[in-house]
Amino acid sequence: MNYWLFKTEPDEYSIRDLQLAPNQTAKWDGIRNYQARNFLRDKVAEGDLVFMYHSQCKQIGIVGVAEIVRAAYPDPAQYDETSKYFDPKATFDTPRWFCVDIKHKLTYPRVISLGRIKAQSELANMILVKQGRLSVQPVTEQEWQQIEAMI
DNA sequence: GCCAACGTTGGC
DNA sequence: GCCAACGTTGGC
């Protein structure tokens, strides 16, 4: 079992949207970064747990937990000419982009802010802290437990 | 809205 | 395959 952190802009899609989705499940699509794609395609597995992270908003930080309920499959949006995620170089034989399905597990009573995460010396090596711009990233078991202790 | 820190593209 | 130019992410 692996741990992950997925970023989202709540104005576009928030953890509340996920909670209110049918069966509290949604397709996590639109990932168009190769490093993030490789994690999604090769490492993210059914049953893995995910910290949901809100970026570009007032309350930046981890807002809750979701579970992977379906491992990687080709992101249909890459074939949809009307989608902003359309990719003319993608073919059905060789899909470029992948998505997974996630299900809401819990929303924290308050946001675990980026500021608090950064202030925690044990979390200094988190990808979230060290490398700003990765929307799908692995979280170690130690990091996961450290953050859960901050709720 | 600014801008630093990346990632991607494309000419050579 | 280098690298300049450009685009995007995301905190502030």
Side-chain angles (χ1 to χ4, degrees), chain A residues 2-21 26-44 48-68 71-140 142-151:
Chain A
N2 293 308
Y3 298 105
W4 305 96
L5 182 146
F6 288 3
K7 289 183 185 173
T8 184
E9 297 176 28
D11 289 345
E12 284 217 1
Y13 198 90
S14 71
I15 193 165
R16 178 150 180 79
D17 294 324
L18 179 63
Q19 195 170 4
L20 295 175
K27 175 170 56 181
W28 206 252
D29 62 353
I31 300 296
R32 293 294 180 271
N33 166 285
Y34 288 105
Q35 217 183 334
R37 188 277 310 265
N38 292 346
F39 282 130
L40 268 191
R41 185 190 57 189
D42 304 332
K43 306 282 190 205
V44 174
D48 286 357
L49 294 178
V50 182
F51 278 141
M52 302 302 294
Y53 176 90
H54 282 177
S55 68
Q56 317 233 60
C57 58
K58 274 197 169 164
Q59 287 201 293
I60 296 167
I62 293 169
V63 292
V65 176
E67 182 181 353
I68 305 294
Y73 58 101
D75 181 348
Q78 68 194 305
Y79 308 120
D80 177 3
E81 287 188 47
T82 66
S83 166
K84 66 172 174 172
Y85 298 122
F86 175 66
D87 185 341
K89 292 180 185 162
T91 68
F92 285 98
D93 284 343
T94 55
R96 272 189 149 193
W97 306 112
F98 291 80
C99 58
V100 297
D101 289 351
I102 64 172
K103 180 169 187 173
H104 180 269
K105 267 191 89 91
L106 55 103
T107 298
Y108 291 144
R110 62 194 179 109
V111 177
I112 302 172
S113 72
L114 179 61
R116 287 182 65 211
I117 292 167
K118 281 181 169 173
Q120 201 83 26
S121 60
E122 295 92 332
L123 298 174
N125 286 324
M126 266 193 94
I127 295 171
L128 181 70
V129 176
K130 287 185 105 175
Q131 179 186 348
R133 311 179 33 187
L134 189 58
S135 59
V136 171
Q137 52 182 266
V139 173
T140 69
Q142 290 84 350
E143 290 163 353
W144 185 276
Q145 286 167 3
Q146 186 78 35
I147 287 166
E148 285 200 316
M150 294 166 69
I151 295 165

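Sequence lines set the chain letters: A, B, ... in the order given, protein chains first and strands last, and positions in each chain run from 1.
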For A/Phe51, all residues meeting ring pair (Phe, Tyr, Trp, His ring centres under 6.0 Å), sequence neighbours excluded:
A/Trp144
Could you pull out all donor-acceptor pairs under 3.5 Å where a side-chain atom in residues 111-120 of chain A meets a protein atom, sequence neighbours excluded?
residue  : atom : partner  : partner atom : Å
A/Ser113 : OG   : A/Arg116 : N            : 3.1
A/Arg116 : NH1  : A/Met150 : O            : 3.2
A/Arg116 : NH2  : A/Met150 : O            : 3.0

Counterpart residues, side chain to side chain contact (heavy atoms under 4.5 Å, CB included), relative to [X] (two or more places apart):
X	result
A/Pro10	A/Ser14, A/His54, A/Cys57
A/Asn2	A/Trp4, A/Asp48
A/Ala72	A/Phe98, A/Val100
A/Ala77	A/Arg32, A/Asp75, A/Ser83, A/Tyr85

When the rotation axes relating C1' atoms of four end pairs to the next four are compared across the helix from B/dG1-C/dC12 to B/dC12-C/dG1, five pairs an end, they differ to 10° by 10°
The criterion is side-chain hydrogen bond (donor to acceptor under 3.5 Å, both in side chains); which residues satisfy it with A/Trp97, sequence neighbours excluded?
A/Asp87
Just by protein heavy atoms under 4.0 Å, how would nucleotides 5-12 of chain C read 5' to 3' in B, S and -?
--BBBBSS
